[in-house]
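Each remark here refers to the structure printed beneath this line.
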There are 2 protein chains.
Amino acid sequence: MATIYDVAKKVGLSVTTVSRVLNNRGYISEATRKRVYETMEELNYQPNELARSLLRKQSNVLGLIIPDVAHPFFSELASHMEACAYASGYKILLCNSHLDPDKERDYIDMLKRNRVDGIIMGSHTLEVDEYRTLQRPLVTIDRMIDASIPYVASDNYLGGRLATQLLLDKGCRKLAHICGNLALDLLANQRDAAYVEAAAAGGVEALTYETGTNVFDEGEYRELVKQLFAEHPEVDGIFAGSDLMAAFVLQECARLGRSVPDQVKLVGYDDVPMASWFVPSITSIRQPIRQMGELAVELLLKQLAGEEVPPATVLPVELMERETT
Amino acid sequence: MATIYDVAKKVGLSVTTVSRVLNNRGYISEATRKRVYETMEELNYQPNELARSLLRKQSNVLGLIIPDVAHPFFSELASHMEACAYASGYKILLCNSHLDPDKERDYIDMLKRNRVDGIIMGSHTLEVDEYRTLQRPLVTIDRMIDASIPYVASDNYLGGRLATQLLLDKGCRKLAHICGNLALDLLANQRDAAYVEAAAAGGVEALTYETGTNVFDEGEYRELVKQLFAEHPEVDGIFAGSDLMAAFVLQECARLGRSVPDQVKLVGYDDVPMASWFVPSITSIRQPIRQMGELAVELLLKQLAGEEVPPATVLPVELMERETT
DNA sequence: TTGTAAGCGTTATCAA
DNA sequence: TTGATAACGCTTACAA
C-alpha cells in the first residue's frame, strides 16, 4: 500500500504538504492541492487509519456487545446502530457475548486494546466495577448498571401495563407472563412488576414463568411453554416477553388445538417485523428499536464530544393490536 | 491508558524486556517475567493494538460486507462468522451495504484505510475490477465475482431441484418460483434454472416472479405475492426464495382462504430457525449457514497464512420437510 | 505557502 | 538475559 511518503515523493513535495491537503488544514495553493489529489488517485493512496488513530488517540471505532446478533431484536438494533455510526464516520466492532462472563470480559479487554472510542452494552454479566473502570464512554441498552453509566431503554413498565390491560379488557380470567430470567436484572423486569400490579388491580390471577439465564435457546423456550399449558391448562391470556416467545406460544396452542384469540389471547413484545408475519399476526408492544439504536450511538458520540448526557433515556412504547387478541 | 513505558519504568526495566514478556519471545528470567506481569496488572495495562498493527502491518480485523444484518439469513451468518473469527483472535467490522453501490464502495475504502486483513463479501454491486484491485484477501458468499476470488456457497442447483421435485411429487400442477432479482447475478440464480428444468421434465407449467433489486423490502414482497395470486389463482405449488418470502405466501394464502398444504403447497429456502416457528411449519431447503460462515472465515485466514484455497466451495443442502407440503 | 523533525506505542535488530 | 534505537505511517509545532 502506498504511504504518504510515496505520494510526497511522486508529487515532489514534503509529506507535510500532502498531509495538509489530506486534512484540509493550513494554506495550500490550488495548484498544489490539485496535483496532490491527482497523485493520490494515481497511487490509489488510502491514508493509514491505524497510524492516524495512534497519533490522535482516537480510533473512530465503537464496540458493540450484545448477546447474539442472530436474535431478531438485536440484529435490528445492530443494523440501526451501524447505519447511525456510519453516518458520523464511526465503525462498529461486533461482539456476541452469548451472556458468557468470560467471553464478555475478554471482549471488553479486546475493545480496550483496540482503543475503541466507546462501547455500547446490550449485555452485562460482570460486576459493576468492571464497567466503571472501563475508562471510556459507555452506553447501555435496557440495563441500569450504575448511576454513572447512561442507559437507553423503552418504557418497560408502561409496556407491561398496556399488555396486561389489553388482556384484561378482552376478558381474560387467568394470565401468564413468560419472560426472561428476572435475576438478570434488566429494566425489562419492570414489565413483570407492571403485569403483576395490573392483574391484581383487575382481580385476575397472574402467573410468571421465567426462562433460564441462557441466551435464547429455542428448545428451552418451547419446554417452558409446554410446561405452562400442562400445569395451567385454564390460562386464557398470555403475555410473552418477546415476539419470538409469542411465536412458540402460537405453535403450542395450535398443537393443543386451542384457538387464538378465541380461547387464548396473546400479546408479544418488541414488535420486530416478524410479529406481523404470523397467522394470526401477533399483537405486540412496540419498542422503538430504531430510535433506541440511534440514540445509543448519539449518546456515545456526545460523550466523546465532551457533552453532558442524561443518565437515563426512556422512550415510549406503543401497543400494536393485531389478531392474537 | 498506561503504555509500555509506564510499565517499564515502574518495574525498573527497559521497554524491550517488557515487550518480550508480553510477546513471549527470547529469554527472560522467571523472576523478571513475574514482576512484569504483576506490574501490568497493577497498572491495568492493555497493549495498544493500533501501534502493534501499525508495525506488524496486520490488524487482525476482518471486514464483513452484507446487505443488512437485520435479515435473518445474514444475521445468523454474521453470528457464526463472528464466533469463528473470535476463536482465532480476529475481530469483525460490520458493514451493511443495503446493496447501495456508493455505500459499498465507501465501505471498501474505509476497510482499506483501516487496514483490515481481509474482507468477506455477502453483497456485491460494483464492477469486477473494483474487487480485483483490492490488494487483500477476499472471500465471497454465494457469488462468483471473478475466478481469482474464492467463494463459498451451498448447492443452489440441487436446492432448486429438491424443492421443485417435492412439489411435483406432491402432485402440484402449476408452479411459481418467487425469487430475488436475477439480474443481481447471484449463484442463487441456479435455483431458478433447476426449477425451470425440473418443472419442464415433470411436464408442469412453471412461473417465475422476481423481486426488484432493493434489499429486503417487506411491502414489495407482499405486493409480489398478491400479484402472483391475482394473476394466477390456479397456482398450487410455490417455491419461495427465502423462508421470509414463504411466510408472506402463508399469510396471503390465509387471507385468500386457501389452505396450505391442501390447496397450495409451499417450500421455503434457507431454513433459518424461523421456518419452524410458523403454523404450519415451513418446509424448507436448508443451507448450512453455520458451516458457510465458518468456512468463509477459515478460507480468509488461510489466505492470510499464505495457503492456497480452492476457488469454489459448494456445500450440500438438505430438504427439511415440514407441514407446508 | 512549504519543509524539518519530533512523537504516537509498539516490536525488531543489534549490542552488551 | 537485558538494553538502546530505529522503524511502522501519520500529524503537528516550529521554522523558513
Side-chain angles (χ1 to χ4, degrees), chain A residues 1-37 39-40 43-61 89 109-117 135-136, chain B residues 1-37 39-40 43-61 89 109-117 135-136:
Chain A
M1 294 241 65
T3 75
I4 202 172
Y5 279 90
D6 300 325
V7 177
K9 192 163 162 194
K10 177 141 191 196
V11 77
L13 288 166
S14 75
V15 293
T16 311
T17 307
V18 176
S19 172
R20 277 209 190 90
V21 345
L22 201 56
N23 297 283
N24 253 314
R25 248 188 275 290
Y27 299 95
I28 339 130
S29 71
E30 247 339 291
T32 303
R33 182 191 302 273
K34 187 150 169 283
R35 276 198 301 145
V36 170
Y37 275 137
T39 313
M40 286 179 174
L43 293 179
N44 207 336
Y45 171 72
Q46 298 282 0
N48 186 332
E49 287 295 337
L50 296 171
R52 287 186 176 201
S53 300
L54 179 58
L55 197 63
R56 292 185 182 146
K57 295 171 183 313
Q58 178 190 323
S59 61
N60 280 37
V61 175
D109 285 346
M110 181 274 274
L111 294 175
K112 282 166 104 171
R113 288 195 301 274
N114 284 275
R115 300 301 191 263
V116 299
D117 294 336
Q135 312 281 8
R136 50 187 29 78
Chain B
M1 295 239 64
T3 73
I4 201 171
Y5 278 91
D6 300 324
V7 177
K9 192 164 163 193
K10 177 142 190 194
V11 78
L13 287 166
S14 74
V15 292
T16 310
T17 307
V18 176
S19 173
R20 276 207 190 92
V21 346
L22 201 58
N23 297 282
N24 254 314
R25 248 189 275 289
Y27 300 97
I28 340 133
S29 72
E30 247 337 292
T32 302
R33 181 192 301 275
K34 188 151 169 283
R35 277 198 300 145
V36 170
Y37 274 137
T39 314
M40 286 178 172
L43 293 179
N44 208 337
Y45 170 72
Q46 298 281 1
N48 186 331
E49 287 294 338
L50 296 171
R52 290 204 207 207
S53 300
L54 179 58
L55 197 63
R56 292 187 180 144
K57 295 171 183 311
Q58 177 190 323
S59 61
N60 280 35
V61 176
D109 285 346
M110 182 273 273
L111 294 175
K112 283 166 104 171
R113 287 194 301 273
N114 283 276
R115 300 300 191 259
V116 299
D117 294 335
Q135 313 280 8
R136 51 189 26 82

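Residue numbers start from 1 in every chain, and the chains themselves are labelled A, B, ... in the order their sequence lines are given, proteins ahead of strands. If you're wondering where the values come from, they're calculated on a predicted model, not measured in any experiment.
To the nearest angstrom, P of D/dT11 lies 13 Å from CD1 of A/Ile28. Whole-Å rounding puts the B/Arg35 CZ to D/dT1 P distance at 14 Å. Going from atom OH of A/Tyr27 over to atom P of D/dT12 covers 16 Å, rounded to whole Å. Atom pair A/Tyr5:OH and D/dA7:P shows a separation of 11 Å (rounding to whole Å applied). Rounded to a whole Å, the CG atom of A/Leu55 is 5 Å from the C1' atom of C/dC8. Rounded to whole angstrom, the span from the CD atom of A/Gln58 across to the P atom of D/dC10 amounts to 17 Å. The interatomic distance linking B/Lys34 (NZ) with D/dT1 (C1') rounds to 19 Å, in whole Å. When rounded to the nearest whole Å, the span between CD1 of A/Ile4 and P of D/dT12 equals 11 Å.
Using modelled atom types, one finds no donor on one side chain facing an acceptor on the other under 3.5 Å when comparing A/Arg52 with B/Asn114. Checking B/Asn60 against B/Gln58 by side-chain atom types alone, a donor-acceptor pair falls below 3.5 Å. Of the N and O atoms on the side chains of A/Ser29 and A/Thr32, at least one donor lies less than 3.5 Å from an acceptor on the other residue. Between the side chains of B/Thr17 and B/Ser14, at least one donor N or O lies within less than 3.5 Å of an accepting N or O.
Applying the 4.0 Å criterion to OP1 and OP2 of C/dT11, one finds that B/Ser19 has a side-chain N or O inside that range. Of the side-chain N and O atoms in B/Asn23, one or more sit less than 4.0 angstrom from OP1 or OP2 of C/dT11. Between B/Thr17 and the phosphate of D/dT1, there is no side-chain N or O to OP1/OP2 separation shorter than 4.0 Å. Within the 4.0 Å cut-off from OP1 or OP2 of C/dC8, not a single side-chain nitrogen or oxygen of A/Ser53 is found. Contact annotation: B/Ser14 side-chain N/O to D/dT2 OP1/OP2 distance is not under 4.0 Å. Taking side-chain N and O atoms only, B/Arg56 has no distance below 4.0 Å to OP1 or OP2 of C/dT10. Regarding contacts with the backbone of D/dC10, a side-chain N or O of A/Tyr45 is found under 4.0 angstrom from either OP1 or OP2. Not one side-chain nitrogen or oxygen of B/Lys57 sits closer than 4.0 Å to the OP1 or OP2 atom of C/dT11. At C/dT11, one or more side-chain N or O atoms of B/Arg52 fall inside 4.0 Å of OP1 or OP2 (strictly under the cut-off).
For the residue pair B/Gln46 and A/Asp109, the shortest heavy atom distance occurs at NE2-OD1, 3.2 Å.
Within 3.5 Å, a donor on the side chain of B/Arg20 pairs with an acceptor on the base of D/dG3, or the reverse. Judged by distance alone, with hydrogens and angles left aside, A/Thr16 brings a side-chain donor or acceptor within reach of the base of C/dT4, the pair sitting under 3.5 Å.
Within the nucleic acid shown, B/Leu54 comes within 4.0 Å of at least one base atom, counting heavy atoms only. Residue B/Leu50 is out of contact with every strand shown, counting any heavy-atom pair closer than 4.0 Å. Here A/Thr3 lies in heavy-atom contact (under 4.0 Å) with sugar-phosphate atoms only.
The residue among A/Met1 and A/Arg25 whose nearest nucleotide of DNA chain D lies closer to the 5′ end is A/Met1. Where B/Val15 and A/Gly26 each meet DNA chain C at their nearest nucleotide, the meeting point lying more 5' is that of A/Gly26.
Between the side chain of A/Asn48 and the main chain of A/Leu50, a donor-acceptor pair closer than 3.5 Å is present.
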